[in-house]
Structures are given as C-alpha cells and as structure tokens.
*Asks:* 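The structure follows.
For the numbers below, each heavy atom of this structure counts, side chains included, while hydrogens, waters and symmetry mates do not.
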Amino acid sequence: MVHPSFTDRNSPYWSEALEVFEYAREAMDEEDYPRAVKLFQKSLRLSPRYKTSFLLGECLVKEGLLNEAVLAYAAATTLNRSGIAPAHLAEVWYELGDLGRAKEMIDIALQRQSHYKRAQAFAKKVEEALAEQNDER
C-alpha cells in the first residue's frame, strides 16, 4: 500500500523515495533506529514528505539525538498543517530545557488541532513548568 504522503507523483524521484521510505519503516519496526535514520534521510533527499520527516524525528528522539530531532520535526511542522508535529517538537524543546520554544510550539499545535489530547496534556505541563520557573525568579 502506498503511504498517503507519497500519492503526489510530481517529484521525479517519488517512487524511489517511497521504496526507501518503506525500508526505513521496516528498520523502525525492527527498532534499528540508526538504519532507519539513514534511510529516512535518504528518502527526504529524494522527495521531502511530512511523514518521512515526522518518523525521522521519532527515530532521532529514540536515539537521544534531540537537536537533530528539532530539525526533523520543524520540517514536518512546515510540511503538514496538523498539530501532531508541533506537539512533538514542543516535547523536544521541553527536554532540551527551552520552555519558551516548547510553549510556542504547543500553542501552534493547539491552534491547528485544539482537540488533540496529547497536546492539551502537554500544554498543562509546560504551563506548570513556566509558572515554577517564574516563581524561582
């Protein structure tokens, strides 16, 4: 089955990008994150897609490569209008200790998808952390 993000065949490399994407998904399913990262990156070079960027971000987080995950999730945030990628990006910023950027991204996630429960719950966590930070000052 062709992943929905690969239905636009305008890219001259879409079929190769799709094939590499599928290999990357297999590697991810096998929890071979280093291999999955390399394959998702190759797929992105061939044809940038939301799902590819998003899954690359997930693999980078699993590998503890949070700064690199910022770039992948930022690309996914730009390539798709849902709230999922900015919510994940907010979580990465939070883990990196940047509450301001975490707040900015979770606000974008909720603007795009106000009913997204994961974003709603995380927004509360960010607000609490910001309040605690302000109390310390």
*Asks:* If the condition is side-chain contact (heavy atoms from CB on, under 4.5 Å), which residues does Ala75 pass it with, not counting sequence neighbours?
*Replies:* Ser53

*Asks:* Which heavy atom in Ala17 sits nearest to a heavy atom in Ser43, and how many Å separate them?
*Replies:* O-OG, 2.9 Å

*Asks:* Using the side chain to side chain contact (heavy atoms under 4.5 Å, CB included) rule, pick out the option among Leu56, Leu60, Val92 that qualifies with Glu68.
*Replies:* Leu60

*Asks:* Any heavy-atom pair between the side chains of Arg112 and Ser82 that's under 4.5 Å?
*Replies:* no

*Asks:* Could you see if Leu89 belongs to whatever hydrophobic cluster contains Leu66? Use Ile, Leu, Val, Met, Phe, Trp, Tyr and a side-chain cutoff under 4.5 Å.
*Replies:* yes

*Asks:* Is Val61 reachable from Leu65 through a run of hydrophobic residues whose side-chain heavy atoms are each under 4.5 Å from the next?
*Replies:* yes

*Asks:* What residues form a side-chain hydrogen bond (donor to acceptor under 3.5 Å, both in side chains) with Asp107, not counting sequence neighbours?
*Replies:* Lys103

*Asks:* Tyr73 vs His88 aromatic rings, parallel, tilted or perpendicular, using cut-offs 30° and 60°?
*Replies:* tilted

*Asks:* Under 3.5 Å, side-chain donor or acceptor atoms of residues 28-38 against the rest of the protein: list the pairs with distances, not counting sequence neighbours.
*Replies:*
from	atom 1	to	atom 2	distance (Å)
Asp32	OD1	Arg35	N	3.4

*Asks:* At their closest point, which heavy atom of Phe40 faces which heavy atom of Thr52, and how far apart are they?
*Replies:* O-CG2, 3.5 Å

*Asks:* Specify the closest pair of heavy atoms between Glu91 and Phe122, including all atoms of both residues, with the distance to one decimal.
*Replies:* CA-CZ, 3.6 Å

*Asks:* If the condition is side-chain contact (heavy atoms from CB on, under 4.5 Å), which residues does Ala121 pass it with, not counting sequence neighbours?
*Replies:* none

*Asks:* Taking all heavy atoms of Tyr94 and all of Ala102, pick out the closest pair and write down the distance.
*Replies:* N-CB, 3.8 Å

*Asks:* Can you sort out the partners of Arg101 under salt bridge (charged side-chain N to carboxylate O under 4.0 Å, His left out), two or more places apart, ordered by chain and number?
*Replies:* Asp98

*Asks:* Does Thr78 have any side-chain hydrogen bond (donor to acceptor under 3.5 Å, both in side chains) partners at least two apart in sequence or in another chain, and if so, which?
*Replies:* none

*Asks:* Please tell me if the side chains of Phe21 and Leu55 come closer than 4.5 Å, counting only heavy atoms from C-beta onward.
*Replies:* yes

*Asks:* Show the nearest heavy-atom pair for residues Leu110 and Ala123, with the distance to one decimal.
*Replies:* CD1-CB, 3.7 Å

